[in-house]
Enquirer: 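Below you'll find the structure I mean.
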Amino acid sequence: MTAEHFVFRLQATDGGARAGTYCTPHGALSTPVFAPVGTLGTVKAVSPRDLIDVGASLVLANTYHLYLRPGDGLIRDLGGLHAFMGWEGPILTDSGGFQVWSLGSNSQVSDDGVTFRSHLDGSLHQFTPERSIAIQQNLGADIIMCFDELADPDDYAYSQVALERTHRWAERCLAAWKTGDSQALFGIVQGGIFDDLRQASARTLAAMDFPGYAIGGLSVGESKEEMYHTLEVVTPLLPANKPRYLMGVGTIEDLIHGVSRGIDIFDCVLPTRIARHGAALTQSGQINIRNAQYERDDRPLDPQCDCYACQHFTRAYIRHLSKSNEILASTLLSIHNLRTLIRLTEEMRAAIVDGSFQSYAAETLGRLKAVSP
RNA sequence: GUGGAUGUAGCUCAACGGCAGAGCGCCGCACUGUGGAUGCGGUGGUUGAGGGUUCAAGUCCCUUCAUCCACC
């Protein structure tokens, strides 16, 4: 049984797109897969039962936030994150590297690690690669991530400095990682939007033989063309028999472009965040359910959708809930948006298996463009 | 019927006789390894009506209407 864990089986390819399975101690992932984000050990507004209903198989939780509150030791003592949050499927934890960068100004980076102030109470803390791995071991996710350093994507000089540090930290994470049977450690390719740095990063990390590889530092302000180009540069240099995870992406469009360039795993806050702000993803693009035009609209959010929200409620009703700041609006829109992205991954997988991925991708992108400005 | 109070944006209310404003609502936009069900922008006026004083009136004076309160 243990031997099966963290084996990535490639089942079909279509152009650059891949369909596979990845075994974890809490179940197998069918790729391509989209992971809802549950930063604080909960996907906001959505219960684990709802997650099963929308077809979610992997959930992301966050090291930085859970370390600060309620504390990784507490979660370990209560049986680990799966038991704590009532989710029996696979979990992936971020390393905290992204928060240190995005919460930015009150942190200081050295070769040893990062000292930062808590956004909750201003207290001083330090993350090192070893500390990040120890916290992630306490949390007990199936997939854990190397502690990395991000740079602004168009700053070459600093991207180079951060990249070299990220590679040294990757070695230290590997050395600290002692849970190979129960947790897979993924390396993270960095290098901004610079081909030479990205290639160097992919080669360096591939040589370290991680169980899986992530591509980080994208969808942080660079153009879509730059992001897609970077994927084309990086994925051919990663081992074909290991899963590839594009961090923090994304949109319907980005998922299609990512899969076509060989990405297997995605996570993103977008579907649940925009849901709480009143937006629904549809086949033809994003709609703002709060707009006056939906006041008397008795259609579902997306007539093509098979989710609970679309099977039972009208746009008019969900608009009313959203305008009234009712909790159920966030829940229904989150369920719908998650189902939309997860169904997209399911359809892409089916298309890859039967060799029709190119036409599926073109058709789906075409529908989006038909309405986008 | 008598006395008093109040009438300003859709709502609640500001504005010394000197460019009529705020909050909320409404309308829209944004959100990509989630601190912040958030952030940003926009629309919105015969200052109840009519007259007068004044260089200038939401503001002072007169008339009128409406609403509320108290007392007959």
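The sequence lines fix the lettering, A, B, ..., with proteins before strands; numbering per chain opens at 1. All values derive from a computational prediction rather than experimental measurement.
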Enquirer: What's the closest nucleotide to the side chain of A/Asp254 if the choices are B/U34, B/C31, B/U32?
Expert: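 The answer is B/U32, which lies nearest to the side chain.
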
Enquirer: With a 3.5 angstrom cut-off on both distances, give the Watson-Crick or G-U wobble partner of B/U59, or none if there isn't one.
Expert: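 Its partner is none (no Watson-Crick or G-U wobble pair with both distances under 3.5 Å).
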
Enquirer: Looking at every strand, decide which applies to A/Glu326 at a 4.0 Å heavy-atom threshold: base, sugar-phosphate, or nothing.
Expert: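 Contact class for A/Glu326: none.
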
Enquirer: Checking base pairs now: Watson-Crick or wobble, both atom distances under 3.5 Å. What partners B/G21?
Expert: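 Its partner is B/C13.
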
Enquirer: Mind checking the P distance from B/C11 to B/U64? Whole angstroms is fine.
Expert: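 So the two P atoms sit 27 Å from each other.
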
Enquirer: Contact class for A/Leu92 (heavy atom, under 4.0 Å): base, sugar-phosphate, or nothing?
Expert: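 Since no nucleic acid heavy atom lies under 4.0 Å of A/Leu92, the category is nothing.
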
Enquirer: Please determine, by modelled atom types, if A/His125 and A/Ser118 share a side-chain donor-acceptor pair under 3.5 angstrom.
Expert: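 No, because no side-chain N or O of A/His125 sits under 3.5 Å from a partner of the opposite role on A/Ser118.
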
Enquirer: On a whole-Å scale, what distance lies between the C1' atoms belonging to B/G21 and B/U43?
Expert: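 Result for the C1' pair: 16 Å, nearest Å.
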
Enquirer: Taking the side chain of A/Val269 as its heavy atoms from C-beta onward, which of B/C27, B/G33, B/C31 lies nearest to it?
Expert: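 That would be B/G33.
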
Enquirer: Checking side-chain polar atoms at under 3.5 Å, does A/Gln136 have a donor or acceptor matched by the opposite partner on A/Thr93?
Expert: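 On atom types as modelled, these side chains qualify, holding a pair under 3.5 Å.
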
Enquirer: Select one nucleotide: of B/C31, B/G28, B/U34, the one nearest the side-chain heavy atoms of A/Ala292.
Expert: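 Between B/C31, B/G28, B/U34, the one nearest the side chain of A/Ala292 would be B/G28.
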
Enquirer: Using modelled atom types and a 3.5 Å cut-off, is there a donor and acceptor pairing between side-chain atoms of A/Asp297 and backbone atoms of A/Arg299?
Expert: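 A pair under 3.5 Å: yes.
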
Enquirer: With respect to the side chain of A/Ser219, which nucleotide from B/U32, B/U38, B/G33 is positioned closest?
Expert: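 Among B/U32, B/U38, B/G33, the one nearest the side chain of A/Ser219 is B/U32.
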
Enquirer: Do the side-chain N or O atoms of A/Lys224 get closer than 4.0 angstrom to the phosphate oxygens (OP1, OP2) of B/U32?
Expert: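 A/Lys224 to B/U32 OP1/OP2: no side-chain N or O under 4.0 Å.
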
Enquirer: At 4.0 Å (heavy atoms only), tell me whether A/Ser330 reaches a base, stays on the sugar-phosphate, or touches nothing.
Expert: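 No contact.
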
Enquirer: For the residue pair A/Asp195 and A/His229, confirm or rule out a side-chain donor-acceptor distance under 3.5 Å.
Expert: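 Judged by distance alone, the side chains do pair up.
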
Enquirer: Roughly how many Å apart are B/U47 and B/A9, using the C1' atom of each and rounding to a whole number?
Expert: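 Per the computed distance, 10 Å lies between those C1' atoms.
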
Enquirer: Which part of the nucleic acid does A/Gly217 contact within heavy-atom distance under 4.0 Å: base, sugar-phosphate only, or nothing?
Expert: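 The residue A/Gly217 makes base contact.
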
Enquirer: Below 4.0 angstrom from OP1 or OP2 of B/U32, is there any side-chain N or O of A/Arg273?
Expert: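 True: A/Arg273 side-chain N/O within range (under 4.0 Å) of B/U32 OP1/OP2.
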
Enquirer: Once you apply the 3.5 Å cut-off to both distances, tell me the Watson-Crick or G-U wobble partner of B/C72, or none.
Expert: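 When the pairing criteria are applied, nothing turns out to pair with B/C72, so the answer is none.
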
Enquirer: Does A/Ser322 reach a base, just sugar-phosphate, or nothing at all? Heavy atoms under 4.0 Å.
Expert: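 Answer is nothing: A/Ser322 stays at 4.0 Å or more from every strand.
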
Enquirer: Under the criteria of a ring-centre distance below 5.5 Å and an interplanar angle below 30°, is A/His65 stacked with the base of B/U34?
Expert: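 Per 5.5 Å and 30° rule: no stacking.
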
Enquirer: Indicate yes or no for a side-chain donor-acceptor contact from A/His320 to the backbone of A/Ala316 under 3.5 Å, with no hydrogens or angles considered.
Expert: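 Checking the backbone N and O of A/Ala316 against the side chain of A/His320, no donor-acceptor pair under 3.5 Å is found.
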
Enquirer: Does the side chain of A/Lys323 get closer than 4.0 angstrom to OP1 or OP2 of B/G28 through an N or O atom?
Expert: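 No.
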
Enquirer: Which base sits across from B/G28 as a Watson-Crick or G-U pair, both distances under 3.5 Å?
Expert: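 The answer is B/C40, by the H-bond criterion.
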
Enquirer: With a 3.5 angstrom cut-off on both distances, give the Watson-Crick or G-U wobble partner of B/G7, or none if there isn't one.
Expert: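 Because both required distances fall under 3.5 Å, B/G7 counts as paired with B/C65.
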
Enquirer: Using a heavy-atom cut-off of 4.0 Å across all strands, would you classify A/Ile327 as base, sugar-phosphate, or nothing?
Expert: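 Base, at least one base atom sits under 4.0 Å.
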
Enquirer: Is A/Arg290 near enough to B/U38 that one of its side-chain N or O atoms lies under 4.0 angstrom from OP1 or OP2?
Expert: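 Checking B/U38 against A/Arg290, no side-chain N or O comes under 4.0 Å of OP1 or OP2.
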
Enquirer: Closer than 4.0 Å, any side-chain N/O of A/Gln99 to the OP1 or OP2 of B/U34?
Expert: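 For B/U34, OP1/OP2 do have a side-chain N/O of A/Gln99 under 4.0 Å.
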
Enquirer: Need to verify one output field. Residue with the more 5' nearest nucleotide on RNA chain B, A/Leu218 or A/Asn288?
Expert: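 Of the two residues, A/Asn288 wins.
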
Enquirer: Roughly how many Å apart are B/G45 and B/A5, using the C1' atom of each and rounding to a whole number?
Expert: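 Taking atom C1' in both B/A5 and B/G45, they lie 25 Å apart.
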
Enquirer: Please tell me if the side chains of A/Ile91 and A/Thr24 come closer than 4.5 Å, counting only heavy atoms from C-beta onward.
Expert: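 Of all side-chain heavy-atom pairs linking A/Thr24 with A/Ile91, none is under 4.5 Å.
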
Enquirer: I need the CZ-P distance between A/Phe98 and B/U32, as an integer number of Å.
Expert: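 A/Phe98 atom CZ is separated from B/U32 atom P by 8 Å.
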
Enquirer: Report yes if at least one side-chain N or O of A/Asn291 is closer than 4.0 Å to OP1 or OP2 of B/G28; otherwise report no.
Expert: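 Checking A/Asn291 against B/G28: at least one side-chain N or O falls below 4.0 Å of OP1 or OP2.
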
Enquirer: Quick one: label A/Leu40 by what it contacts on the DNA or RNA (base, sugar-phosphate, nothing), any heavy atom closer than 4.0 Å.
Expert: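 A/Leu40: no heavy atom of the nucleic acid under 4.0 Å.
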
Enquirer: Answer yes or no: is there a donor N or O on one side and an acceptor on the other, between the side chain of A/Ser322 and the main chain of A/Ala329, under 3.5 Å?
Expert: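 Judged by distance alone, no pair lies under 3.5 Å.
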
Enquirer: Counting only distance, no hydrogens or angles, is the base of B/G33 paired donor-acceptor with the side chain of A/Asn62 under 3.5 Å?
Expert: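 A donor-acceptor contact between them is absent.
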
Enquirer: Can you tell me the pairing partner of B/G45 across any strand shown, Watson-Crick or G-U wobble, with both distances under 3.5 angstrom?
Expert: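 Pairing partner: none.
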
Enquirer: Considering every strand and a 4.0 Å limit on heavy-atom distances, what is the contact class for A/Asp94: base, sugar-phosphate, or nothing?
Expert: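 Base, at least one base atom sits under 4.0 Å.
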
Enquirer: So, does the side chain of A/Ser102 form a donor-acceptor pair with the base of B/U34 at under 3.5 Å?
Expert: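 When only heavy-atom distances are counted, A/Ser102 does not reach the base of B/U34 through any donor-acceptor pair under 3.5 Å.
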
